[in-house]
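These notes are about the structure you will find just below.
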Amino acid sequence: MSSVLSRPAPPETGLISGRKYALDGLRTIAVAGVFFFHTATESMPGGSIGVDVFFTLSGFVITLLIMKERLATGRLHLGVFYAKRLARLWPALLALCAVILAVGFLFPASGWGGQAAFVLPAAGYVMNLAHFGMFGDSIAGETLGPTWTLAVEEQFYLVWPLLLLVMLRFWKVRATAFATVALAAAFVLNRFLLVTAGQPLDRIYNGPDTRADELLIGCALALLFTAVRQGSGLHKVLLSASHWGAPLAGIGLVAALFLLKEPDTPGTWFNVFWTAGPAALALLSAVLVGSLVLQPAGFMSRFLSHPWLARPGRDLSYGMYLWHLPVYLLLMPLVPTLPLRIALTAALTVLLAYASFRCVEQPLRRLANKRLDPAVVRSTPEPNPAPEGTREMELERSASAS
């Protein structure tokens, strides 16, 4: 009985097999950028690019998970996919909303007072739409303002798995990757049309359509890596490009952290940046992500895979993203000295993220996996070993089957 209910072993799929610990370290760097953007904006004006990195990385990782399950079982269990994603993200968000509401009610003069109106948009994953006034007046969201990124992702993932399955029904993996790139380009054109039409920055910044290209670039990279056979000509080309691409992408993103200030005043630079800027940052992120996967023994991969970076990225980055701004706003009237306030915010954010992980996220995720994994196992076909030379053909066949 235990063997029947055990989780299926992931298929041997070359570039997409195994956990990518360097990507966990990259999450830590990205959330640190967002943290300093909100707490020390003058020192790190481009810290918001952590969001662009997150979008690209999210598209990559989620698409890898989808493709791994499809290659292992011959299908994607959409109900299980959505239930697991909800169990992974929603409880910690609801816990944050509940704490803010409770503290705001008990201490209305605190930095968490008057936040009740923001809870529903945050918990309902529509904060991005509320930011640009889809439900009436535009709202900033204050303590819960950063949940706009979670809303963009969840709105995207309502559509992407279904669209991906439709494309894979008719096309092979490589063709689907190219179609995904074309779709990303279409969303860049959509953003260009919005910019030239004079749409307000809130609409351009927060739209599910105006951020879709960043997620799709990560998705396309995951599909490409699914189709590439290790040792093939394309793999060698990608590996060679990653040797120089990784340093350039890394340097570009680090420079952007300290030098890039997103334009907020209409003009030529505003039009150029908000048309091409998000896609350019996503492409740099994709080059870096791809290089980390292609060169797991490289210096940058080994650096980002260090437990001090990888473990917080794996376990705490989500909680840190949720809690950092509420903590900073709570401390703002209490700690007037900025360096001390930032240090206290960092310490409390890590503690609250740890509590969220251990007390909320991890237990509920384990419960969800225990309940949901057997449905995936029951439909997993018996393994059918194939000769090594037919591996690429089997990957393509599995990905193009209905």
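Here the structure is a predicted model, which means the values were calculated and not measured.
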Quick check: do Asp209 and Arg203 have side-chain heavy atoms less than 4.5 Å from each other?
yes
Can you tell me how far apart CZ (Phe54) and OG (Ser317) are? Round to the nearest 0.5 Å.
5.5 Å
Do Ser301 and Gln295 get their side chains close enough for a donor-acceptor pair, meaning under 3.5 Å?
no
Does the side chain of Phe192 reach to within under 4.5 Å of the side chain of Val195, using non-hydrogen atoms?
no
More than 12 heavy atoms from other groups under 6.0 Å of CZ on Phe105:
no
Quick one: salt bridge (charged side-chain N to carboxylate O under 4.0 Å, His left out) partners of Arg88, sequence neighbours excluded?
Glu361
Which residue pairs pass the ring-ring contact (aromatic ring centres under 6.0 Å, His included) test when at least one of the two sits in residues 330-368, sequence neighbours left out?
none
May I ask you to decide if Gly313's main-chain N or O and Thr28's side chain share a donor-acceptor pair within less than 3.5 Å?
yes
Over all atoms of both residues, closest heavy-atom pair of Ala246 and Leu288:
O-CD1, 4.2 Å
Calculate, to the nearest 0.5 Å, the distance between atoms CG and CD belonging to Leu325 and Glu142 respectively.
9.5 Å
Looking only at atom types and distance, does a side-chain atom of His306 sit under 3.5 Å from a main-chain N or O of Trp308, one as donor and one as acceptor?
yes
Check step by step if side-chain contact (heavy atoms from CB on, under 4.5 Å) holds for Val61 and Lys20.
CA-CA 9 Å; Val61 171; Lys20 317 301 180 185; over 6 Å; no
Tell me the closest heavy-atom pair linking Lys261 and Trp269, and the distance in Å.
O-NE1, 4.3 Å
Hey, does the side chain of Ser110 reach the backbone of Phe107 with a donor-acceptor pair shorter than 3.5 angstrom?
yes
Side-chain donor/acceptor of Ser305 to backbone N/O of Arg302, under 3.5 Å:
no
Below 4.5 Å, heavy atoms only, C-beta onward: do Leu348 and Trp323 meet side chain to side chain?
no
Can you check whether Lys236's main-chain N or O pairs, donor with acceptor, with Ser240's side chain at less than 3.5 Å?
no
Looking at side-chain heavy atoms only, is the closest gap between Pro146 and His38 below 4.5 Å?
yes
Atom CG of Leu201 and atom CD of Glu262: how far apart are they, to the nearest 0.5 Å?
8.0 Å
Evaluate the side-chain proximity of Cys97 to Leu144: yes if any heavy-atom separation is below 4.5 Å, no if none is.
yes
Charged tip of Arg211 within 45° of Tyr205 ring normal and under 6.0 Å
yes
Determine whether the aromatic ring centres of residues Trp171 and Phe178 are separated by less than 6.0 angstrom.
no
Excluding sequence neighbours, so at least two apart, what forms side chain to side chain donor-acceptor pair (under 3.5 Å) with Arg314?
none
Just how far is it from atom CG of Leu221 to atom OG1 of Thr56, taken to the nearest 0.5 Å?
9.5 Å
Would Tyr318 and Ser356 count as having a side-chain donor-acceptor pair, cut-off 3.5 Å?
no
Polar side-chain atom of Ser232 near backbone of His235 as donor-acceptor pair, under 3.5 Å
yes
Assess the side chains of Tyr157 and Arg85: does a donor N or O sit below 3.5 Å from an acceptor N or O?
no
Between Leu93 and Tyr125, what is the shortest heavy-atom contact and its length?
CD2-CE2, 3.8 Å
Minimum heavy-atom distance between Cys219 and Thr180, given as atom pair plus value
CB-CG2, 4.2 Å
Verdict with reasoning, Val51 to Trp148, per side-chain contact (heavy atoms from CB on, under 4.5 Å)
CA-CA 10 Å; Val51 169; Trp148 75 269; 4.1 Å; yes
Closest non-hydrogen atom pair, Phe55 against Leu215:
O-CD2, 3.3 Å
Take Leu101 and Trp112, measure what side-chain contact (heavy atoms from CB on, under 4.5 Å) needs, and give me the verdict at the end.
CA-CA 7 Å; Leu101 275 178; Trp112 289 356; over 6 Å; no
Salt-bridge present (Arg27, Asp315; N to O < 4.0 Å):
no
Do Ser242 and Leu239 come close enough that some side-chain heavy atom pair is under 4.5 Å?
yes
Decide whether Thr63 and Trp160 meet the rule of one side-chain donor and one side-chain acceptor closer than 3.5 Å.
yes
How far apart are the closest heavy atoms of Leu352 and Val327, and which atoms are they?
CD1-CG2, 3.6 Å
Report the distance from atom CZ of Phe225 to atom CG of Leu64, rounding to the nearest 0.5 Å.
9.0 Å
Would you call Arg311 and Asp24 a salt bridge, taking side-chain N to carboxylate O under 4.0 Å as the test?
no
Looking at side-chain heavy atoms only, is the closest gap between Phe81 and Ile62 below 4.5 Å?
yes
Arg191 vs Thr275 side-chain heavy atoms within contact, under 4.5 Å:
no
Decide yes or no on side-chain hydrogen bond (donor to acceptor under 3.5 Å, both in side chains) for Thr149 and Tyr321, but give the supporting numbers first.
CA-CA 10 Å; Thr149 64; Tyr321 183 80; 2.8 Å; yes
Nearest 0.5 Å, what's the CZ-CD1 distance between Phe118 and Ile139?
5.5 Å
Take His324 and Val34 through the test side-chain contact (heavy atoms from CB on, under 4.5 Å) and record every step on the way to the result.
CA-CA 9 Å; His324 77 278; Val34 176; 3.9 Å; yes
